[in-house]
There are 2 protein chains.
Amino acid sequence: MTKIQIKHFELLFNLMLMGAKDNYVKIKTADLAAKLGKSQQAASIYLITLEREGLIERQSSRDGTVVKITQSGLDQLVTVYLLLRNELEESPTSIVLEGSLFSGMGEGAYYMSLPGYKEQFLKKIGFEPFPGTLNLKIDLRHIMEREKLEQYKHLGIKIEGFSDGTRTYGALWCFHCLIESIRGAVVLIERTHYDISVIEVISPVNFRKELNLKDGDNIKLTIFI
Amino acid sequence: MTKIQIKHFELLFNLMLMGAKDNYVKIKTADLAAKLGKSQQAASIYLITLEREGLIERQSSRDGTVVKITQSGLDQLVTVYLLLRNELEESPTSIVLEGSLFSGMGEGAYYMSLPGYKEQFLKKIGFEPFPGTLNLKIDLRHIMEREKLEQYKHLGIKIEGFSDGTRTYGALWCFHCLIESIRGAVVLIERTHYDISVIEVISPVNFRKELNLKDGDNIKLTIFI
DNA sequence: ATTACTAGTAATCGAGTAA
DNA sequence: TTTACTCGATTACTAGTAA
């Protein structure tokens, strides 16, 4: 098993610049190698490795390789982007919360799976939520930060409400976030009278599985305004 | 001479997250190693190499290492940030111009060296301009793009005008840019009746030397709105 | 403590090449 | 053309350790 040496980011970054973010693009391993300052053979191995790790889709043939960055690969790029933005932009733009994981009734998962919401998530936030949300009970010592987030709510990415003929579903506001370095988004609702100490988070992947979490575990959440 | 293997970016990125962007921070090579998934000894070598390449300042002792990212190191991070932002943000935000390099009268250099401008550049754009600007004569086939940039002018970073008692100096608008992958900023002035086919660029480093340029050379400019 | 040297080892790299 | 395999050469990495 070949372990990749140049870390994934640099490779994904270059593939992005070659246009592999939204579309399948045809590239030559030799061109990629030139950008990385490595041999054609090395680039070939890197691509194979990235594919095995699920970060790209790849179809190689005798006259080139067609690649596209997967959702999971895109998440890596976004994670780096958010952290850079937070450090490099004028106004520091993150709120850090801690809380403990708990199981909801599954309503979150239900709402998130509605096409009316789901399609907007994909378009505006950049991923389709894993069916199942993460409920976090915010520690009392972070409650002030939680209040601050509530004030910023309407600066977030707006997910429009909709009606399915039977009932109406309210608008949501979202912020990108990282949960222990995994990409996600916090989801805030309009209702004013609900328990502010609870916060709901969505993600393109199964948090619980990915991070091996169970109810009661303490989680650190970095929210980007 | 040990060539660094993990590319510089990942290391700089981690140092940034450890707080080494604006301040000297005390770290342990073992902690850094843990973040990179390498041995303490490897981290030690990386830091030494980065220092040799001028990307960090470093002072090590028997009870830790004090590091700070240099301007040059920061430029690397900003470059990656701008390219990521351009690809990942909703509205695509770059204008690509091409043109040929020519020598001005040196007035650009003079203006840029005035404290009234210089200090704002450092604060608002993030670097102190190398004394000497780059004058670019935009190709006719890119003149539409140049017009577009002019329309966006007031969306740029504003550098306030000032007076030194003798005369007044007008406000400027700047945009981050990359010149053949080197960080810089285009500088636009308010005057409406001047030759729009000429554009002026500043940078933290000596472009001409860095890229080995001479008058008449063709240059590609990526401007971030 | 900690950093960073030396020396040996393990992993990566690239030339040659087959398909 | 191109990709990607084998294998010998190179180099990055780690363990041990001195300061």
Side-chain angles (χ1 to χ4, degrees), chain A residues 1-20 23-70 73 76, chain B residues 1-20 23-70 73 76:
Chain A
M1 168 64 181
T2 314
K3 251 268 248 13
I4 211 156
Q5 183 69 1
I6 293 191
K7 273 303 195 64
H8 300 159
F9 175 79
E10 206 191 347
L11 198 39
L12 285 172
F13 182 73
N14 274 287
L15 289 173
M16 176 190 79
L17 295 180
M18 292 167 102
N23 318 293
Y24 291 89
V25 284
K26 189 157 196 170
I27 63 166
K28 283 180 270 186
T29 53
D31 289 350
L32 180 60
K35 288 178 202 291
L36 297 169
K38 292 284 149 65
S39 70
Q40 173 271 319
Q41 295 88 332
S44 175
I45 293 170
Y46 296 160
L47 288 176
I48 292 168
T49 310
L50 275 205
E51 186 187 29
R52 282 210 192 111
E53 308 222 346
L55 299 171
I56 60 168
E57 287 176 54
R58 187 183 67 103
Q59 193 66 256
S60 74
S61 70
R62 289 294 147 77
D63 66 348
T65 300
V66 173
V67 283
K68 185 183 171 204
I69 296 172
T70 62
Q76 306 263 344
Chain B
M1 169 63 183
T2 313
K3 253 265 250 11
I4 210 157
Q5 183 71 359
I6 293 193
K7 275 304 195 63
H8 299 160
F9 175 79
E10 205 192 346
L11 198 41
L12 285 173
F13 182 74
N14 274 287
L15 289 172
M16 176 190 81
L17 295 180
M18 291 167 102
N23 317 295
Y24 291 89
V25 284
K26 188 156 196 170
I27 63 168
K28 283 181 268 186
T29 54
D31 290 349
L32 180 60
K35 287 179 204 288
L36 296 168
K38 292 285 148 65
S39 69
Q40 172 271 319
Q41 294 87 334
S44 174
I45 293 170
Y46 298 160
L47 288 176
I48 293 167
T49 309
L50 275 205
E51 185 187 30
R52 283 210 191 112
E53 307 221 348
L55 298 172
I56 60 167
E57 288 176 55
R58 185 184 68 104
Q59 194 66 256
S60 74
S61 70
R62 290 294 149 77
D63 66 350
T65 300
V66 174
V67 284
K68 186 184 170 207
I69 296 171
T70 62
Q76 308 262 344

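Chain letters run A, B, ... following the sequence lines, proteins first, then strands; residues in each count from 1.
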Query raised in the report: Separation of I48(A) atom CD1 from dT6(D) atom P, in whole Å?
Result: 11 Å
Query raised in the report: Closer than 4.0 Å, any side-chain N/O of Y46(A) to the OP1 or OP2 of dC13(C)?
Result: yes
Requested in this report: Would you mind reading off the distance between E10(A) atom CD and dT12(C) atom P, rounded to a whole angstrom?
Outcome: 16 Å
Requested in this report: Could you tell me which nucleotide pairs with dA1(C) by Watson-Crick or G-U wobble geometry, both distances under 3.5 Å, or answer none if nothing does?
Outcome: none
Report task. Specify the separation, in whole Å, of atom NZ of K38(A) and atom P of dT3(D). Result -> 18 Å
Query raised in the report: Minimum heavy-atom separation for T70(A) to G54(A), with atom names?
Result: OG1-O, 2.7 Å
Query - Least distance between heavy atoms, M18(A) atom then I27(A) atom - result: CE-CG2, 3.9 Å
Query raised in the report: Any side-chain N or O of T65(B) under 4.0 Å from OP1/OP2 of dT3(C)?
Result: yes
Requested in this report: Of all the heavy-atom pairs spanning S44(B) and T29(B), show the shortest one and how long it is.
Outcome: CA-CG2, 4.0 Å
Query raised in the report: To the nearest angstrom, how far is L47(B) atom CG from dC13(D) atom P?
Result: 13 Å
Query raised in the report: Counting side-chain heavy atoms from CB outward, which of dT14(D), dG14(C), dT3(C) is closest to I45(B)?
Result: dT14(D)
Requested in this report: Please state how far atom CG in L11(A) lies from atom P in dT12(C), giving the value in whole angstrom units.
Outcome: 14 Å
Report task. May I ask you to check whether Y24(B) and E57(B) show a side-chain donor-acceptor distance below 3.5 Å? Result -> yes
Report task. Send over the distance from R52(A) CZ to dA4(D) P, rounded to a whole Å. Result -> 11 Å
Requested in this report: Report the C-alpha separation of K68(B) and V25(B) in whole Å, then their side-chain angles, then the decisive distance to 0.1 Å, and conclude whether the side-chain contact (heavy atoms from CB on, under 4.5 Å) test is met.
Outcome: CA-CA 7 Å; K68(B) 186 184 170 207; V25(B) 284; over 6 Å; no
Requested in this report: Evaluate side-chain contact (heavy atoms from CB on, under 4.5 Å) for I48(A) paired with R58(A), printing each intermediate quantity in order.
Outcome: CA-CA 8 Å; I48(A) 292 168; R58(A) 187 183 67 103; 3.7 Å; yes
Query raised in the report: Within the structure shown, what part of the strands sits under 4.0 Å from S44(A) by heavy-atom distance: base, sugar-phosphate, or nothing?
Result: base
Query raised in the report: Within the structure shown, what part of the strands sits under 4.0 Å from L32(B) by heavy-atom distance: base, sugar-phosphate, or nothing?
Result: nothing
Query raised in the report: What is the distance from CD of Q40(B) to P of dT17(D), rounded to the nearest Å?
Result: 15 Å
**Report entry** Members of residues 54-64 of chain B that approach DNA chain C, where some heavy atom sits under 4.0 Å away
**Finding:** R58(B), S60(B), S61(B), R62(B), D63(B), G64(B)
Query raised in the report: Any salt bridge between K26(A) and D63(A), counting N to O under 4.0 Å?
Result: yes
Report summary line: Comparing K28(B) with Q41(B), nearest DNA chain C nucleotide closer to 5' gives the residue K28(B)
